[in-house]
Amino acid sequence: MVNGTICIFATHKKIMAKRTRIKDLLNTTDFGKKVTVMGWVKTFRNNQFIALNDGSSINNIQAVVDFNSFDESLLKRLTTGAAVSIKGEVVESLGKGQRIEIKVNELEILGDSDAEKFPLQPKKHSLEFLREIAHLRFRTNTFNAVFKIRHALAYAVHKFFNDKGFVYMHTPIITASDAEGAGEMFRVSTIDPDNIPRNEDGSINYKEDFFGRATNLTVSGQLEGELAAMAFGDIYTFGPTFRAENSNTTRHLAEFWMIEPEMAFYDLNDNMDLAEELLKYLIQYALDHCADELEFLKNRLLEEEKSKPQAERSEFDLLAKLNFCLDNNFERISYTEAVSILKNSKPNQKKQFKYLIEGWGSDLQSEHERFLVEKHFKKPVILTDYPADIKSFYMRLNEPDAEGRTTVRAMDILFPGIGEIVGGSQREERLEKLEKRMEEMHIPAEEMSWYLDTRRFGSAPHAGFGLGFERLVLFVTGMTNIRDVIPFPRTPKNAEF
RNA sequence: UCCUGAGUAGCUCAGCCGGUUAGAGCAUCUGACUGUUAAUCAGAGGGUCGCUGGUUCGAGCCCAGCCUCAGGAGCCA
């Protein structure tokens with residue numbers, strides 16, 4: 001575990017010598033050193049040159065075989081995808097294109113890879129094709145970079161909150177509450193579908209079910225998070241979330257990961273400050289710790305853009321886009337202000353919007369959000385104080401404005417290319433107002449008694465938000481389809497692997 | 001769920017107005033070469049044209065239904 005080497009153990013004996021990770025090898029100046037490297041063959045060129053990758057770096061090491069001193073039958077097995085162990089000497093490369101290489105002394109095939117069947121070739125594959133072989137796509141440069149960044153961002157989330165004294169709270173995956181109404185839920189049940197127990201009126205008798213009641217996979221840990229925030233002050237959740245919506249877009253998954261901080265004694269402004277600080281911290285963390293990966297993805301995007309018409313190409317490359325986000329304050333405007341900007345905007349006046357802005361009260365369409373973020377402000381935008389009618393019951397009510405319109409203390413952070421990346425609010429802490437709102441929205445108060453207890457005993461102002469982790473990874477990696485930033489995407493009609 | 005588009009070799013794609021034996025590049029296999037960088041050169045093999053049905057003398061191509069994928073919309077994170 002020292003000098004960048006790790007040990008591999010079998011169950012009862014050490015089966016392999018220490019290996020050197022390729023990432024460390026690529027930085028070494030230790031010429032003449034004898035090393036063992038293990039990895040997977042990317043290509044084997046000219047019967048001499050193995051491009052070897054062990055996942056530690058997006059870059060390969062070149063191992064050079066003297067084909068006269070090795071069995072031809074052994075060299076034949078150096079196919080793309082094969083796992084090999086190489087003992088050799090670190091030497092300065094004779095060729096151009098790499099600084100160092102390994103002169104191979106011993107070569108062992110650990111696992112063959114039938115070239116006729118292995119689907120990955122040393123060439124560009126479409127992301128659609130790689131999605132069909134998600135179990136192997138980790139071995140490509142692109143997904144090596146994407147999932148390294150995903151890891152770094154996940155770690156950074158915990159570091160950010162831990163450093164601020166937040167408590168990481170595990171909220172339940174299986175939940176009985178479906179109160180938030182955040183979309184269709186997946187039912188959790190052990191009832192035999194061929195023999196459903198029924199009540200006299202024909203409805204399903206959930207008393208017979210595993211939990212003795214109807215249960216679902218969680219759509220949000222927020223309500224439970226609020227309970228914890230009312231004791232710990234500052235908490236966050238970071239876990240899987242499930243929505244059974246039939247959404248077929250580049251931004252939606254049936255199973256995704258969400259980060260939900262909840263803070264006592266925060267108002268909406270504190271909430272926005274924290275969200276903006278978090279997003280900038282995470283972007284900065286990726287820039288600081290994933291330089292190689294981001295560089296690779298930047299070039300990948302530039303390559304891809306070449307095939308697009310000039311008008312559709314983006315203004316910035318990936319790194320410039322990320323830095324731009326760091327250097328600028330997010331624009332904060334109210335829903336009411338946004339509506340007036342949109343009403344007077346060119347696309348609205350010229351009737352280029354598919355949905356024209358008529359007046360106050362309806363939700364903004366994605367074309368409107370995109371206009372605000374990508375055309376008008378050209379930076380991330382935080383929209384606040386939405387009409388109460390289109391938002392959830394737990395959001396804190398504002399006093400009606402001069403025209404008698406009621407809004408809630410909600411905020412959505414909109415990012416270019418992604419749309420809504422964060423949704424949050426200051427919560428309604430006043431019991432009577434909350435109960436009245438629940439009644440209006442037909443939310444059964446009896447079932448939510450545990451939630452309302454927070455307002456009955458020591459209620460306090462508090463706020464929180466949800467950050468879609470995959471949407472963040474999308475933004476940072478510059479990928480365009482959310483199915484390519486989660487290892488095993490679950491979408492309608494697809495739960496392969 | 002709605003709208004639009006697509007589905008042809010392992011991959012990426014071409015296939016004219018419905019007409020003979022469905023093509024290319026890459027990959028694979030065989031051989032050559034041996035400091036290559038998506039190596040190169042020569043040759044070979046490889047097809048349920050998404051599925052089902054229909055129209056027609058004749059369907060990869062036209063029609064209907066279904067499945068899957070992609071992009072957009074809605075819902076949202």
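The basis for the numbers below is simple: all heavy atoms, side chains too, and nothing from hydrogens, waters or symmetry mates. In what follows, chains are A, B, ... by sequence order, proteins preceding strands, each numbered from 1.
- Look at CZ on Phe129(A): it is 12 Å from P on rC13(B), rounded to the nearest Å.
- Remark: P of rA38(B) and NZ of Lys123(A) are 15 Å apart, rounded to the nearest angstrom.
- In this structure, rA44(B) and rU28(B) make a Watson-Crick or G-U wobble pair, each of the two defining distances being under 3.5 angstrom.
- Rounded to whole Å, atom P of rG71(B) lies 11 Å from atom CG of Leu474(A).
- rA77(B) has its base stacked against the ring of Phe256(A), the centroids being under 5.5 angstrom apart at an interplanar angle below 30°.
- When distances run from any side-chain atom of Lys76(A) to the nucleotides rG31(B), rA77(B), rU12(B), the shortest one goes to rG31(B).
- By the 30° and 60° cut-offs, the orientation of the rings of His125(A) relative to Phe129(A) is tilted.
- Figure legend. rU1(B) is base-paired to rA73(B); pairs are counted as Watson-Crick or G-U wobble with both atom distances under 3.5 Å.
- Heavy-atom contacts from other residues, nucleotides or ligands closer than 6.0 Å to NZ of Lys103(A) number 12 or fewer.
- rA14(B): no Watson-Crick or G-U partner with both key distances under 3.5 Å is found in any strand.
- Residue-to-nucleotide contacts include a donor-acceptor pair under 3.5 Å from the side chain of Asn248(A) to the base of rU1(B).
- If you measure from atom CD1 of Ile421(A) to atom P of rA77(B), you get 12 Å, rounded to the nearest angstrom.
- Pair assignment for rU37(B): none, as no Watson-Crick or G-U wobble contacts are both less than 3.5 Å.
- Across every strand in view, rA6(B) sits in a pair with rU68(B) that passes the Watson-Crick or G-U test at under 3.5 angstrom.
- Each of Leu467(A) and Arg483(A) has a nearest nucleotide on RNA chain B; the 5'-most of these lies closest to Arg483(A).
- Ring pair Phe377(A)/Phe330(A): centre-to-centre distance not below 6.0 Å.
- One donor-acceptor pair, N or O on each side, does fall under 3.5 Å between the base of rU36(B) and the side chain of Gln62(A).
- In the interface, the side chain of His125(A) is not paired with the base of rC11(B) through any donor and acceptor atom under 3.5 Å apart.
- Minimum atom distance to the side chain of Glu116(A) is reached by rU28(B), of the listed rA77(B), rU28(B), rU34(B).
- Residue Thr43(A) is in sugar-phosphate contact alone, with no base atom involved, counting any heavy-atom pair closer than 4.0 Å across all strands shown.
- Dashed line: the shortest gap from a side-chain N or O of Arg45(A) to OP1 or OP2 of rU36(B) is not under 4.0 Å.
- Cation-pi check for Lys321(A) over Phe475(A) is met; the charged atom lies under 6.0 angstrom from the ring centroid and within 45 degrees of its normal.
- Distance Lys493(A) NZ to rC67(B) P: 8 Å, rounded to the nearest Å.
- Side chains of Lys23(A) and Asn27(A): no donor on one and acceptor on the other come within 3.5 Å.
- A donor N or O paired with an acceptor N or O is found under 3.5 Å between the base of rU36(B) and the side-chain atoms of Gln98(A).
- Proximity of Lys164(A) to Phe160(A): side-chain heavy atoms (C-beta onward) are separated by under 4.5 Å at one or more points.
- The nearest heavy atom of RNA chain B to Ile482(A) and to Phe49(A) marks one nucleotide each, and the one closer to the 5' end goes with Phe49(A).
- One can find a donor-acceptor pair under 3.5 Å joining the base of rG35(B) and the side-chain atoms of Glu101(A).
- Looking at the side chain of Asn481(A), the nearest of the listed nucleotides rA73(B), rG35(B), rA70(B) is rA70(B).
- Contact annotation: Asn246(A) reaches the phosphate of rU1(B) (side-chain N/O to OP1 or OP2, under 4.0 Å).
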